[in-house]
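What follows is a short report on a single structure.
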There are 2 protein chains.
Amino acid sequence: MFVILEGWAHRYKILPNGTRQVLAFLMPGDACDLHIGLLGEMDHSIQTLTNALVTTIGRDEIEKIFVDHPRIANAMYVSQLVDEGTMRAWITSMGRRTSIERVAHLMCELFIRARNIGLQTEPVFDLPLSQLLLADSLGMTAVHLNRVLKELRQENVMTLTRGCVSIVDIGKLIRIAGFDDNYLHRRIRAAA
Amino acid sequence: MFVILEGWAHRYKILPNGTRQVLAFLMPGDACDLHIGLLGEMDHSIQTLTNALVTTIGRDEIEKIFVDHPRIANAMYVSQLVDEGTMRAWITSMGRRTSIERVAHLMCELFIRARNIGLQTEPVFDLPLSQLLLADSLGMTAVHLNRVLKELRQENVMTLTRGCVSIVDIGKLIRIAGFDDNYLHRRIRAAA
DNA sequence: CGTCACGTTGAACATTCTCAACCCGAGTGG
DNA sequence: CCACTCGGGTTGAGAATGTTCAACGTGACG
């Protein structure tokens, strides 16, 4: 099992036709699934996006923790449930949000997650993700994403440049996204 | 925690604008998340789609099982990992497959899952899902889904009528979908 | 026999993609 | 120091895909 301490990574899948779908962005504190070793093979890939500091925890250590430290085990379960909630939110975005709503929603999510782990407090934060990568996570073309970002910029909602996001009007962003942070279970995560 | 013994159910989310996104279809043997009680609130809803037989397992019972029967606990983890793999496959479908590929992919998934739990063996099986519901799971309009189904029918791939799917050419269906069943981890699930 | 949910179809429209061109800043080799 | 290249990013125009709206069909059920 891996845990990211610093930097970013992502889960993704390459389809037979060569297109890519990003399934999740991993930030410091995020872990690969518990018990992934139980499955015979991986159904997707994981790769870092920046220089990153990653630690591994052996399987026997994990099992020891589960027995000896139920509160840590508990926190790990919760973290996994949050990951699942995030996947459900992504499915919802892909299925039932327009492109601009999807972009806004992802930005809200990344902003909240970055804030929760203390990466930043201002409405300006590092986002070391190329537009191509973001497009592959949002199920759209890099070209179209670029136009959507332009629109968000012109509407004075947010700007994305050189790996850095600046949120101008968070309220507007949330309104466009129809964002409800309950799936991130912030309070619980913060408590854990 | 709930387990479905007979019948179908689905997880779904209603957005502020009134649209619905189906997140998962639950068949006999499927369970709600372990430890869902750990989270303060649910980020989605669950509802049966047919008459169904559902059993509940109390939280203390679960914990007891986890301690006393590690192999059952193991099987439950695996089942949860399979559910996550399914969510990843859905994200991939929504993001990077055309509507006909998406429909074909879902049909492959439902067919394999139904076969795995012994619901049927022939390439004809009950599917008590309205086109509106299927459309809400595939991120498309019922109207468009209808046209896609028409195309699949005319191409002699499969037909869907009155709650019953008949797969005419499974090879063609798999080819259209670009379907790879590894995410369902059939062997492991079958073994568990 | 009326109603109601679901399925089917057509035509106009909107959204998103594709392809192609161009820009720009960061490295790199001459 | 300059020209070259290369990976993003940006823009335009036409084409494809999917939606919307509206009409009509059809079987189940009271």
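Just so it is clear, the values below take in all heavy atoms, side chains as well, and ignore hydrogens, waters and symmetry mates. Quick note on labels: first sequence line is chain A, next is B, and so on, each numbered from 1.
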Open item on the list: With a 4.0 Å limit, can you tell me whether B/Asn146 has a side-chain N or O closer than that to the phosphate oxygens OP1/OP2 of C/dG7?
Closed with: no

- [ ] Ignoring backbone atoms, establish whether A/Lys150 has a side-chain N or O less than 4.0 Å from OP1 or OP2 of D/dT11.
- [x] yes

Task: Qualifying residue, where the test is side-chain hydrogen bond (donor to acceptor under 3.5 Å, both in side chains) with A/Tyr12 and the options are A/Arg20, A/Gln21, A/Gln47, A/His44 - done: A/Gln47

Whole angstrom value for the distance that separates [atom2] of [N] from [atom1] of [X]:
X        : N      : atom1 : atom2 : value
B/Leu49  : C/dC6  : CG    : P     : 12 Å
A/Gln131 : C/dC17 : CD    : P     : 14 Å
A/Met140 : C/dT15 : CE    : P     : 13 Å
B/Leu145 : D/dT20 : CG    : P     : 14 Å
A/Asp136 : D/dG9  : CG    : P     : 12 Å

When you get a sec, tell me which of [options] is the closest nucleotide to the side chain of [X]?
X        : options                : answer
B/His144 : D/dG18, C/dC17, C/dG10 : D/dG18
B/Arg153 : D/dG9, D/dG18, C/dT8   : C/dT8
B/Val143 : C/dT18, C/dG7, C/dG10  : C/dG10

TODO: Could you tell me whether A/Glu151 and A/Arg147 have a side-chain N and a carboxylate O separated by less than 4.0 Å?
DONE: no

Task: Nearest-nucleotide comparison on DNA chain D, the residue closer to the 5′ end among A/Ala142 and B/Arg102 - done: A/Ala142

Task: Whichever of A/Leu160 and B/Ser99 has its nearest DNA chain D nucleotide further upstream toward 5' - done: A/Leu160

TODO: Pick base, sugar-phosphate or nothing for A/Gly163, based on heavy-atom distances below 4.0 Å to the nucleic acid.
DONE: nothing

- [ ] Could you tell me whether B/Thr141 contacts a base, only the sugar-phosphate backbone, or nothing, with contacts defined as non-hydrogen atoms closer than 4.0 Å?
- [x] base

Task: CA sep, side-chain torsions, deciding dist, call: A/Ser93, A/Arg97, side-chain hydrogen bond (donor to acceptor under 3.5 Å, both in side chains) - done: CA-CA 5 Å; A/Ser93 266; A/Arg97 278 192 251 262; 3.0 Å; yes

TODO: Please tell me which of B/Arg147 and B/Leu132 maps to the more 5' nucleotide of DNA chain C, matching each residue to the nucleotide holding its nearest heavy atom.
DONE: B/Leu132

- [ ] Can you measure from CG (A/Leu134) to CZ (A/Phe25) and round to the nearest 0.5 angstrom?
- [x] 5.0 Å

- [ ] Nearest 0.5 Å please: distance from the CZ atom of B/Arg115 over to the CZ atom of B/Phe125.
- [x] 10.5 Å

